[in-house]
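Naming: A, B, ... by sequence-line order, numbering from 1 per chain. Since we're looking at a predicted model, the values are computed, not measured. Note that these values count all heavy atoms, side chains included, but never hydrogens, waters or copies made by symmetry.
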Amino acid sequence: MGQQQLTVRQVEQHEQFLCFANEHIVYQASAWEEAEAIPREVIEACALAGYLGFTLPPEYGGQGGDMVTYGLLNEAIGGASVSLSGLLNVHTMFAQTLLKWGDAAQKEAWLPLLARGQMLGVFALTEPGAGSDTQNITTTFTRSGDQLVVTGTKKWITFAGVADLFLIFGKLDGEAVAVIIERETPGFHIHPIRHMLGFKAAHLARLEFNHCHVPASNLVGRPGFALSYIAPYALDYGRISVSFAALGLLRASLEICGKYVLRRAAFGSPLIEHGAISELITDMGVDYEAARLLCLEAVQAKEKHLPDAIEKILIAKYFASRAAARHSSHAVQIMGAIGCNEDFPLARFYRDTKTMEIIEGSNQIHQLLLGKSFARSQKKRHTTQEITVDKA
Amino acid sequence: MSMHDTQEIQKIVGGYIGEFIGLDSISGEINVFEEGLVDSLFAIELMTFLESAFHIKIGMGDLDMTYFESINNITAFVLKKEAESA
């Protein structure tokens, strides 16, 4: 990670994150993918390092980390294991939602436990019949005295297999709501999902709610706002995590390939001397630099609480995930048989980066949002080209 | 903390919404959500804008759609929040 735009403290913290990744993740990550699980002691190590409460304020036991450094944390962890960065992602989405929209009792009850990693929280919006079209969710809550009764199914929920708290989106009297449900709630069943293409160790699960009773006090915010305010607010954090994890994989691909093409020779000269390989490395390096700048601009906008932070985060996620997918493919090509072997990380990068183009809003959804936004932003600009168009 | 009067808030909010939807001016009474002038991300962007521009905090108790549906209602909401924190 280049040091431009970063403070000395941010650079130092990033180095610490990379050291943590080297010690706890890099050499184990492929085995986790094969086992389709991350060992509990690794999650505990993340908790002990303060990573699970990184963005929470110190008053709740968090680190009070800024958004730029949170991005750097995801870059370092994601560059070693995107499955593990998935935990930072969903746990932070849950915690930040509670911090912003929870009432005092909810914050007191759960934020200190989440900050210390004594409880893991996840975000459950997707259903078998509703992905980006969130208005189609069918999970239903009904009132029963001071309880809510929930029925429905959630699917593809990251880290649901080991989570303690679940932020479940559904409808109550036709209005969208978000409700916290605890793992041990009677009638709540968690079914692990195996055999994913990427994020194989991210403990994905399908959740079934069969007339589960939860306290009405677990409702977060007011009915009617869950899909317009609560989910988008959380997804901002999710996209930051994915953007920086993609950036980390891009950096790791470049590190591995850069060293390889200098050392490995073919036809009497190092691979880097071959024009076709040099072109691949050039594009990988340039896209890494561009992704890094877009990611940093996005989190700096978020840290400054700028309204256009949402758009900048969408741009960063769109660019970084596409670049990571494209260049992990090129990295496999450069490395040849080594790239195709699961004993080396590039095959995993190739599978994981494809997944990153899909999660937290597919790239096609990003195109719908960003395309309109870029077009709309030109509407009031009076340029020669516009006059020409008007006269045409 | 600086307080704003009604006209200042209307001008700032109207300018922001007008910029977003690409119009020079927009009636203070138009429901921008019902008219389909804004997309699904606008609500959260508007919230962030109001928090930044007027140094207010929007929390769970402020989640009432009528507060945000038009320039006039947003203006009344900002005046109320500024008065609360004065």
Output the distance between atom [atom1] ([X]) and atom [atom2] ([Y]), rounded to the nearest 0.5 Å.
X: A:Ser228; Y: B:Leu63; atom1: OG; atom2: CG; value: 8.0 Å
X: A:Arg376; Y: B:Glu19; atom1: CZ; atom2: CD; value: 10.0 Å
X: B:Thr48; Y: A:Lys302; atom1: OG1; atom2: NZ; value: 6.5 Å
X: A:Phe225; Y: B:Phe68; atom1: CZ; atom2: CZ; value: 7.0 Å
X: A:Ile310; Y: B:Phe42; atom1: CD1; atom2: CZ; value: 10.5 Å

Measure distances from A:Leu314 to the heavy atoms of chain B and classify the residue's part below 4.5 Å as side chain, backbone, both or neither.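 For A:Leu314, the contact with chain B is made by the side chain alone.
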Taking all heavy atoms of [X] and all of [Y], pick out the closest pair and write down the distance.
X: A:Trp101; Y: B:Ile58; answer: CZ3-O, 4.3 Å
X: B:Met47; Y: A:Tyr233; answer: CE-CD1, 4.2 Å
X: A:His305; Y: B:Ser52; answer: O-OG, 2.5 Å

What part of B:Tyr16 lies closer than 4.5 angstrom to a heavy atom of chain A: side chain, backbone, both or neither?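 B:Tyr16 touches chain A through side-chain heavy atoms alone.
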NZ of B:Lys80: more than 12 outside heavy atoms within 6.0 angstrom?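 Correct, the count exceeds 12.
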Tell me whether the count of non-hydrogen atoms from other residues, nucleotides or ligands lying under 6.0 Å of CD in B:Glu29 goes above 12.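 12 or below, so no.
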Taking it one step at a time, do A:Tyr229 and B:Met60 satisfy side chain to side chain contact (heavy atoms under 4.5 Å, CB included)? CA-CA 10 Å; A:Tyr229 282 81; B:Met60 187 189 74; over 6 Å; no
